[in-house]
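Notes for the one structure printed next.
Predicted, not measured: the structure shown is a model, and the values here were computed from it. Just so it is clear: chains get the letters A, B, ... in the order the sequence lines come, proteins before strands, and each one is counted from 1.
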Protein chains: 2
Amino acid sequence: MDDRDGRQGTFMIGRQEADSIERRSGVSLWRQIADRILQAIATGDFAENAALPPEVALAERYGVNRHTVRSAISALVQEGVLRAEQGRGTFVLSRKRLSYPIGARTRFSTGLQGQTSERHIVLLSSSVEPASQRVAEGLGLARAADVIRLETRGEADGRPVSRAAGWFDARRFAGIDKAMAETGSITASLARFGIDDYLRQSTVLSARHADAADLADLDLQPGAIVLVTVAVNITSDGQPIQFSESRFPAERVELKLSAL
Amino acid sequence: MDDRDGRQGTFMIGRQEADSIERRSGVSLWRQIADRILQAIATGDFAENAALPPEVALAERYGVNRHTVRSAISALVQEGVLRAEQGRGTFVLSRKRLSYPIGARTRFSTGLQGQTSERHIVLLSSSVEPASQRVAEGLGLARAADVIRLETRGEADGRPVSRAAGWFDARRFAGIDKAMAETGSITASLARFGIDDYLRQSTVLSARHADAADLADLDLQPGAIVLVTVAVNITSDGQPIQFSESRFPAERVELKLSAL
DNA sequence: TAAATTTGTCTATTGATATAGACAACTATA
DNA sequence: TATAGTTGTCTATATCAATAGACAAATTTA
């Protein structure tokens, strides 16, 4: 909790405590405090299985009433991040953020090796639809050409860590939905169409508050933040093969941009 | 507003409107609606200078009272994003998000060319301090070796678009603060130390709610989201020269990951 | 066992958030 | 010049969020 690169040094002169909380902001104090605690856990400031400071101490740190801290804690207990035990204390259940690599050869499973004991992709649904403008542009297709859309969720140790939609040229990749259902892997599915290597051509990254769909898809609580990537994958000779939009829960995932 | 890749198609069956709003979430309805409007502007769903739908229409779309919509709008008027004119309507002032490129040769000014008419970096302060653990690791220095810290803000067309802290080995780069103050450019400052090319070695990306410091530094409203990058720059022969942590306002900036 | 520490529950009060309705003020248009 | 459409202001009411204090219940420590 004390290695945040000198926030308390040169720069804190004449400024409020960095841990302080915004009132009348439209975001309730308990939600802000819950976010701070999540942040502290994600960055390792509160170790896994360790006890949180007692409620009175947290209340003092954030400058709020004990009951307000209790609201924050009870929200996190509800989310399964903390466990409170009467008389003993409140304990951290959840782990640090996963570090999800993004680079020229971004692959789901290989990138998370060593960080989780188990990970897999679930195919939620597939459909054929006319390409929207941005999909058509990304794939270099005519405006309303048919594309196959695969909706997937990535899970690690039983918790959702990504939610993605991928679009493929329907003529070239007819049947990729079945391949995906059978193999559980985009890479393996593309291999069936003779593509044994592909590269990340472009990635655009943004962040926003989770909307209703994100909350349901990623098992988040209202107010959570999602990282959004929009990307195009190409073959080694430059043909675009996949357009994708992925959403990651910011409280559980960070993106590590690796050499391309 | 209708090109969001088929949210309304296959996937909307049995689900609430995607635009719907979460109640009792700890985030007030007006703040959620303000976020949606910002999002819609940033993605181009509401064109610049165009009129927003009238308040009663927005209230119906989001399923809230007209007064709640008015709270959201008045917050955005306060932020300078919208302008309301009695009897006429409410109009969009602000532009789409800047697309900030990140790649092997990430440079501030060159990357934003064409998107803004004016951009520059302001040196806010500099100091010498012992390296924190993560800075020492990033730069390959001993744990408490002296490092120079430069605090900077990037501005485009008068609006803050980034806030960064950069750390440099104090022995090797003594005087880089003066160089930075004179040139207003990291690249030019490093050139004075014989470094005419440098590369991005690693970037780790995350997102979180803005804290009190972010609000002040980036001129944001409470509840805003910041993208955070932690990066190491190296010379072409692999020596680490700069460790940095940058924060970007998610409502004004997206990150474009380019080929390295 | 007694005391100290910590979480859990209850009551009460205040201020912010959200809904509801009515009407004024201003603008554009038929 | 009416009329319709839009933003601005006011009153009233109900619910949520936050503070305050007291004490119960469970656990750990002296």
Original post:
Does the side chain of B/T90 get closer than 4.0 angstrom to OP1 or OP2 of D/dT6 through an N or O atom?
Top reply: no

**OP:** Please lay out, stage by stage, how A/R247 and A/D217 fare under the test salt bridge (charged side-chain N to carboxylate O under 4.0 Å, His left out).
**Re:** CA-CA 10 Å; A/R247 291 164 285 146; A/D217 294 341; 3.2 Å; yes

Subject >> B/N65 CG to D/dT13 C1', straight-line distance once rounded to whole Å >> reply: 12 Å

Original post:
So do A/L58 and A/L52 actually touch side chain to side chain, heavy atoms under 4.5 Å?
Top reply: yes

**OP:** Flag the pair B/L38 / B/V81 as yes when at least one side-chain heavy-atom distance between them is below 4.5 Å, and no otherwise.
**Re:** yes

**OP:** For B/L58 and D/dT6, give me the distance from atom CG to atom P, rounded to whole Å.
**Re:** 11 Å

**OP:** Verify the distance criterion only: is there a donor paired with an acceptor across the side chains of A/E155 and A/H120 at less than 3.5 Å?
**Re:** yes

**OP:** Using a cut-off of strictly less than 4.0 Å between a heavy atom of the residue and any atom of DNA chain C, enumerate the qualifying residues of residues 74-83 of chain A by number.
**Re:** none

Could you go over nucleotides 27-30 of chain D and give all protein N or O partners under 3.5 Å, atom names and distances?
from	atom 1	to	atom 2	distance (Å)
D/dT28	OP1	A/R88	NH1	3.1

Original post:
If you pin B/L52 and A/G63 to their nearest nucleotides in DNA chain D, which one's is more 5'?
Top reply: B/L52

**OP:** Pick base, sugar-phosphate or nothing for B/V56, based on heavy-atom distances below 4.0 Å to the nucleic acid.
**Re:** nothing

**OP:** Before giving the answer on side chain to side chain donor-acceptor pair (under 3.5 Å), spell out for A/W167 and A/E245 the whole-Å C-alpha distance, their side-chain angles and the decisive distance to 0.1 Å.
**Re:** CA-CA 9 Å; A/W167 288 265; A/E245 175 177 314; over 6 Å; no

Subject >> B/E55 and B/R70 ion-paired at < 4.0 Å >> reply: yes

Subject >> Nearest non-hydrogen partners of B/R153 and B/P160, listed with the distance >> reply: CD-CB, 3.6 Å

**OP:** To the nearest 0.5 Å, tell me how far A/L98 CG sits from A/R119 CZ.
**Re:** 10.0 Å

Original post:
Roughly how many Å is it from CD in B/E55 to P in C/dT19, rounded to a whole number?
Top reply: 14 Å

Subject >> Nearest non-hydrogen partners of A/G158 and A/E118, listed with the distance >> reply: N-OE1, 3.6 Å

Original post:
Looking at A/E151 and A/R149, does any basic side-chain N land under 4.0 Å from a carboxylate oxygen?
Top reply: yes

Original post:
With respect to the phosphate group of D/dA17, does any side-chain polar atom (N or O) of A/T68 fall under 4.0 Å of OP1 or OP2?
Top reply: no

Subject >> Atom pair distance, as rounded to whole Å: CD in B/E60 and P in D/dT6 >> reply: 13 Å

Original post:
For A/G26, does its backbone N or O pair with a side-chain atom of B/S28 as donor and acceptor, under 3.5 Å?
Top reply: yes

For nucleotides 9-17 of chain C, tabulate all protein N/O to nucleotide N/O atom pairs closer than 3.5 Å, reporting atom names and distance.
from	atom 1	to	atom 2	distance (Å)
C/dA16	OP1	A/R24	NE	3.3

